[in-house]
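In what follows, a structure is listed as structure tokens, so that the remarks can point back to it.
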Amino acid sequence: MDTEQEPDSQPARKRPRIDLGVGERKRGKSMFGIVLGTLNKAKIEDKERNASEAAKKRQMIDQRLQAKLRKETDSVRRSEEAKKDRNAANRKEEELQLKDSIYKLRRTHLPLYSHFLCTSDDIQSIDSMEDQPSSITPLALPTRSHPPPLFYLPAILTPAQEAFLEKRKFKIKEAAESEWSTFREERTAGINEIKDLRLRVADEDARKKKEKKDEAEADEKAQVNKDEDMTSDEPKPSESKVEVRDSKTEEKTEERESKAEEMEVDVGTKEESGMRADDEDAVEY
């Protein structure tokens with residue numbers, strides 16, 4: 001059988017082409033123009049908004065907030081650094097105190113061991129002792145072993161033992177003084193470092209106190225200005241109200257004076273009528 005496939009006899013379909021007429025093109029251009037106009041309008045409004053007083057105020061407020069944030073961040077960073085410096089100074093001071101006690105003890109006690117022999121000492125003859133340099137550190141104590149090393153001093157020393165002790169005394173004394181002088185230099189440098197750290201901490205504390213004082217003064221000044229603004233904004237009595245009050249007081253005084261005059265006239269008429277009645281009675285008798 002023939003397994004070959006025959007090629008597709010149907011032709012490939014062409015994609016239909018959209019025919020845009022003149023009306024469609026004009027419509028597209030008009031829509032594009034509307035979009036551009038909207039964007040330009042929004043841009044102009046944004047510029048006007050930024051140029052307005054409210055935008056300026058908002059910008060000033062943003063700048064103040066950013067400055068305040070930077071100031072607070074810097075203050076927090078300085079506080080953390082001051083805390084680290086304080087801890088470092090305390091730690092350095094404790095280390096120097098510990099080392100000072102250790103080196104003082106070694107300086108005073110190690111030369112005392114040089115007067116005694118030890119069971120771990122390798123005492124050689126005088127000639128071999130002078131020719132062969134010792135590889136053991138003079139200030140090193142004997143290592144622990146079983147049985148443990150013991151210090152002793154014979155009643156009568158041999159010449160080799162005497163030479164060994166004299167040599168060890170000299171070496172231990174020289175090594176102890178050298179160790180102490182080296183530590184003194186280290187202690188001086190450590191004390192200067194501690195002083196610098198303490199000074200930085202003191203400066204930071206002084207800066208904090210000054211900032212608090214300035215903030216308190218600024219708050220007090222702002223409160224005073226606020227009170228002054230509130231008092232200035234209170235409504236004051238106008239001249240017309242004052243004139244009305246004066247006219248009312250004048251009217252009241254006039255009324256009082258007129259009432260007093262009427263009362264005086266009534267009293268006078270009553271007295272005259274009483275006198276006439278008395279005269280008539282006297283005539284009748």
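Here the structure is a predicted model, which means the values were calculated and not measured.
- Here K213 contributes atom NZ and E217 contributes atom CD; the two are 6.0 Å apart, rounded to the nearest 0.5 Å.
- Looking at L165 and R168, their side chains come closer than 4.5 Å, going by heavy atoms from C-beta outward.
- Taking the charged nitrogens against the carboxylate oxygens, R106 and E179 do have a contact shorter than 4.0 Å, which makes a salt bridge.
- Annotation: side chain of D100 is in contact with side chain of R187 (closest heavy-atom distance under 4.5 Å).
- Checked against the 6.0 Å centroid threshold, F116 and Y152 do not count as a close aromatic pair.
- Taken to the nearest 0.5 Å, the CD atom of E80 stands 10.5 Å off from the OG atom of S75.
- The backbone N or O of C118 lies less than 3.5 Å from a partner atom in the side chain of D121, making a donor-acceptor pair.
- F164 has its side chain within reach of L117: a pair of non-hydrogen atoms, C-beta onward, lies under 4.5 Å apart.
- Between the side chains of K208 and S79, at least one donor-acceptor pair of N or O atoms lies under 3.5 Å.
- Residues H115 and L153 fail the side-chain proximity criterion, which asks for heavy atoms closer than 4.5 Å.
- To the nearest 0.5 Å, atoms CD1 (I172) and CG (L110) are separated by 7.0 Å.
- One finds the CZ atom of F183 at 7.0 Å from the OH atom of Y103 (value rounded to the nearest 0.5 Å).
- The side-chain contact (heavy atoms from CB on, under 4.5 Å) test applied to D74 returns R77, R78, not counting sequence neighbours.
- Atom CZ of R207 has more than 12 heavy atoms from other residues, nucleotides or ligands within 6.0 Å.
- Taking hydrophobic clusters as Ile, Leu, Val, Met, Phe, Trp and Tyr residues chained together by side-chain heavy-atom distances below 4.5 Å, I123 does not share a cluster with F170.
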Can you list the steps and then say if L65 with L69 is a side-chain contact (heavy atoms from CB on, under 4.5 Å)?
CA-CA 6 Å; L65 291 174; L69 180 62; over 6 Å; no
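- The backbone N or O of A163 lies less than 3.5 Å from no partner atom in the side chain of E166, so there is not a single donor-acceptor pair.
- With S120 contributing its side chain and P149 its backbone, the two residues share no donor-acceptor pair below 3.5 Å.
- Rounding to the nearest 0.5 angstrom, the gap separating the CG atom in L36 from the NZ atom in K43 is 11.5 Å.
- How far CG of D214 is from NZ of K210: 6.5 Å, rounded to the nearest 0.5 Å.
- Within 6.0 Å of atom CD in E220, 12 or fewer heavy atoms from other residues, nucleotides or ligands are found, so the atom counts as exposed in its surroundings.
- Between the side chain of S178 and the backbone N or O of E174, no donor-acceptor pair lies under 3.5 Å.
- A salt bridge links E186 to K99: at least one charged side-chain nitrogen sits closer than 4.0 Å to a carboxylate oxygen.
- Residues P111 and K169 have side chains not in contact (no heavy-atom distance under 4.5 Å, counting atoms from C-beta outward).
- T108 places a side-chain N or O within donor-acceptor distance of the main-chain N or O of K104, the cut-off being under 3.5 Å.
- A single hydrophobic cluster is not seen to contain both I102 and L96; linkage of ILVMFWY side chains at heavy-atom distances under 4.5 Å, directly or through other members, places them apart.
- Residue pairs meeting the side-chain hydrogen bond (donor to acceptor under 3.5 Å, both in side chains) criterion with at least one partner in residues 82-92, sequence neighbours excluded, are N90-R198.
- Grouping the Ile, Leu, Val, Met, Phe, Trp and Tyr side chains by contacts below 4.5 angstrom, directly or via other members, places I191 apart from V201.
- Electrostatic pairing of E177 and R107 counts as a salt bridge here, judged by a charged N lying under 4.0 Å from a carboxylate O.
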